[in-house]
Amino acid sequence: MFARIIRRRCATPTSLRPLSTTPPPPSTAERQRQREDFSRFGWKSVAGLASSGALLYAYFSHEKTKIAEAKVASAAKDQGIGKPTIGGPFSLVDMHGRPVTDMDFRGKFMLLYFGYTFCPDVCPEELDKMAKVVESLKVLRKDQTIVPIFISCDPKRDSIESIREYLKDFHPDFLGMTGTHSQIKRAAKSYRLYFSAPPLALDDDDADYLVDHSIFFYLVDPEGRYIAHFGKQETAESVTAKILEFLEAKGL
C-alpha cells in the first residue's frame with residue numbers, strides 16, 4: 001500500500017500542461033494599427049531630417065557670409081591705415097567681345113559686382129539696386145561718370161551673348177564681363193570676394209547648379225582705388241547717400 005501512495009504522489013497529472021510564454025498572434029485590426037503607427041513614425045522622421053538639413057544649410061550659409069563680410073571689413077580697415085589690400089588690376093573680355101582691363105576706366109568711377117546670370121534671386125536684386133544707385137547719381141551728380149560693371153563668376157554658362165541679354169533687364173549703362181576661370185578668380189581674389197562652383201560646374205554635360213559667392217558690390221575711384229563696399233543689407237538710398245558723402249568729402 002505504501003508503494004501505491006508513492007506512485008500516486010510522483011505521478012504527473014496528464015491534465016496539466018506547461019505554461020507557454022509565446023503571446024497570441026495579433027488580430028487583423030491590431031496589425032493594421034501597427035502598420036499605420038510605423039508609417040506615421042517614418043514620415044515624421046523624414047520630415048524631421050529634411051527640416052534639420054534645411055536649418056543646417058541656412059546656418060552654414062549665414063556663417064559663410066558673415067566670414068566673408070568680416071574679411072572684407074578687416075581688409076578695408078587695413079587699407080584705411082595705409083595698407084591697400086582691396087582691389088587691383090583685372091584683364092577680362094566685355095559683353096561685346098572686346099578685351100578690357102581696369103586701365104580702361106581711369107577717370108571714371110566703377111561699381112563692381114560679381115555674380116552670374118543663372119542666379120535665381122540674389123543677383124537680380126543686387127543688380128536692380130545698383131541700377132537705382134546709378135540712375136540717382138546721374139540725376140544728382142551729372143558731372144561724375146559711374147560705370148556699373150557685372151563680372152560673371154560662372155564662365156562655363158555665361159557666354160558673352162547671354163550676359164549682354166541678361167543686363168538689358170537692369171540698366172542701359174551696365175557693362176558685363178567674363179573671362180577664363182583663372183582670370184575671374186584673380187579679379188575676385190584682389191577684391192577679397194569668395195566664389196565657388198560645385199563639381200557639377202566642371203562637368204561639360206551638366207549645367208544645373210548654383211554658384212556660391214559673396215554678396216557685395218564695390219565702389220572704385222577714377223584712379224582705380226577701392227573706396228567702399230556695400231552688402232546685401234544696404235538699400236539703394238543708403239548706398240547713394242554714402243557715395244554722395246564721399247564725393248563731397250573729397251571735393252569732387
Side-chain angles (χ1 to χ4, degrees), residues 64-95 98-116 122-123 126-127 129-131 133-134 137 141 144-155 163 167 173-196 211-234 236 238-252:
K64 186 180 292 184
T65 300
K66 285 174 60 180
I67 291 171
E69 290 176 351
K71 286 182 178 179
V72 174
S74 176
K77 183 179 179 181
D78 289 343
Q79 180 154 315
I81 58 175
K83 298 179 182 178
T85 57
I86 299 180
F90 58 80
S91 179
L92 300 166
V93 177
D94 72 12
M95 63 187 189
R98 301 172 301 203
V100 64
T101 73
D102 57 296
M103 296 299 295
D104 295 313
F105 301 94
R106 292 296 182 264
K108 303 174 183 178
F109 285 90
M110 292 187 289
L111 276 181
L112 287 170
Y113 180 76
F114 292 79
Y116 66 112
V122 174
C123 293
E126 293 302 293
L127 293 175
K129 183 198 302 182
M130 284 178 64
V133 171
V134 170
L137 292 172
R141 292 299 304 266
Q144 295 292 341
T145 300
I146 296 184
V147 183
I149 296 174
F150 170 84
I151 299 178
S152 171
C153 52
D154 185 16
I163 293 174
L167 293 177
D173 291 350
F174 258 113
L175 183 62
M177 298 182 189
T178 186
T180 65
H181 185 271
S182 59
Q183 286 175 322
I184 296 169
K185 197 78 173 179
R186 280 196 298 270
K189 185 177 180 181
S190 69
Y191 281 90
R192 300 297 185 266
L193 183 130
Y194 164 84
F195 81 90
S196 177
V211 178
D212 191 15
H213 63 91
S214 305
I215 307 169
F216 300 111
F217 55 90
Y218 303 83
L219 178 63
V220 181
D221 75 8
E223 299 300 319
R225 295 171 300 202
Y226 160 87
I227 299 173
H229 64 278
F230 308 100
K232 192 174 185 296
Q233 76 281 359
E234 298 271 7
S238 66
V239 173
T240 302
K242 289 179 180 179
I243 293 176
L244 289 174
E245 287 176 7
F246 170 80
L247 294 175
E248 292 175 5
K250 294 295 182 180
L252 298 173

In Å and rounded to the nearest 0.5 Å, what is the [atom1] to [atom2] distance from [X] to [Y]?
X: L247; Y: D221; atom1: CG; atom2: CG; answer: 10.5 Å
X: Y116; Y: C153; atom1: OH; atom2: SG; answer: 7.5 Å
X: E248; Y: R141; atom1: CD; atom2: CZ; answer: 7.0 Å
X: T178; Y: Q183; atom1: OG1; atom2: CD; answer: 8.5 Å
X: I149; Y: L175; atom1: CD1; atom2: CG; answer: 6.0 Å
X: M95; Y: I163; atom1: CE; atom2: CD1; answer: 9.0 Å

Main-chain N/O of [Y] paired with [X] side-chain donor or acceptor, under 3.5 Å:
X: K232; Y: V122; value: no
X: S196; Y: D212; value: no
X: R192; Y: T85; value: yes

Are [X] and [Y] side-chain neighbours, meaning at least one heavy-atom pair lies under 4.5 Å?
X: I151; Y: Y191; result: no
X: V93; Y: V100; result: no
X: I243; Y: I146; result: yes
X: C123; Y: H213; result: yes

Practice item. Could you tell me how the ring of F217 sits relative to the ring of F230: parallel (under 30°), tilted (30 to 60°) or perpendicular (over 60°)? Key: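 Because their plane-to-plane angle lies in the 30° to 60° range, the rings of F217 and F230 count as tilted.
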
Review point. How are the rings of F90 and F105 set to each other: parallel, tilted or perpendicular (split at 30° and 60°)?
Key: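 Correct class here is tilted.
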
Looking only at heavy atoms, what is the nearest atom pair of [X] and [Y], with distance?
X: S190; Y: G88; answer: OG-N, 4.0 Å
X: F216; Y: Y113; answer: O-CD1, 3.1 Å
X: E234; Y: V239; answer: CB-CG2, 3.7 Å
X: P99; Y: D104; answer: O-OD2, 4.4 Å
X: V133; Y: A236; answer: CG2-O, 3.6 Å
X: S91; Y: T101; answer: OG-CG2, 4.1 Å

Check your understanding: Between L137 and F109, is a side chain to side chain contact (heavy atoms under 4.5 Å, CB included) present by the stated rule, with each step listed?
Key -> CA-CA 11 Å; L137 292 172; F109 285 90; over 6 Å; no

Practice item. Take V147 and L111 through the side chain to side chain contact (heavy atoms under 4.5 Å, CB included) test and state the conclusion after the steps. Key: CA-CA 6 Å; V147 183; L111 276 181; over 6 Å; no

Point to revise | Axial cation check for F195 ring with K189, 6.0 Å and 45° limits | key: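 Ring-cation test returns no.
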
Practice item. State plainly whether the residues K242 and E245 are in salt-bridge range, i.e. N to O under 4.0 Å. Key: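 No.
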
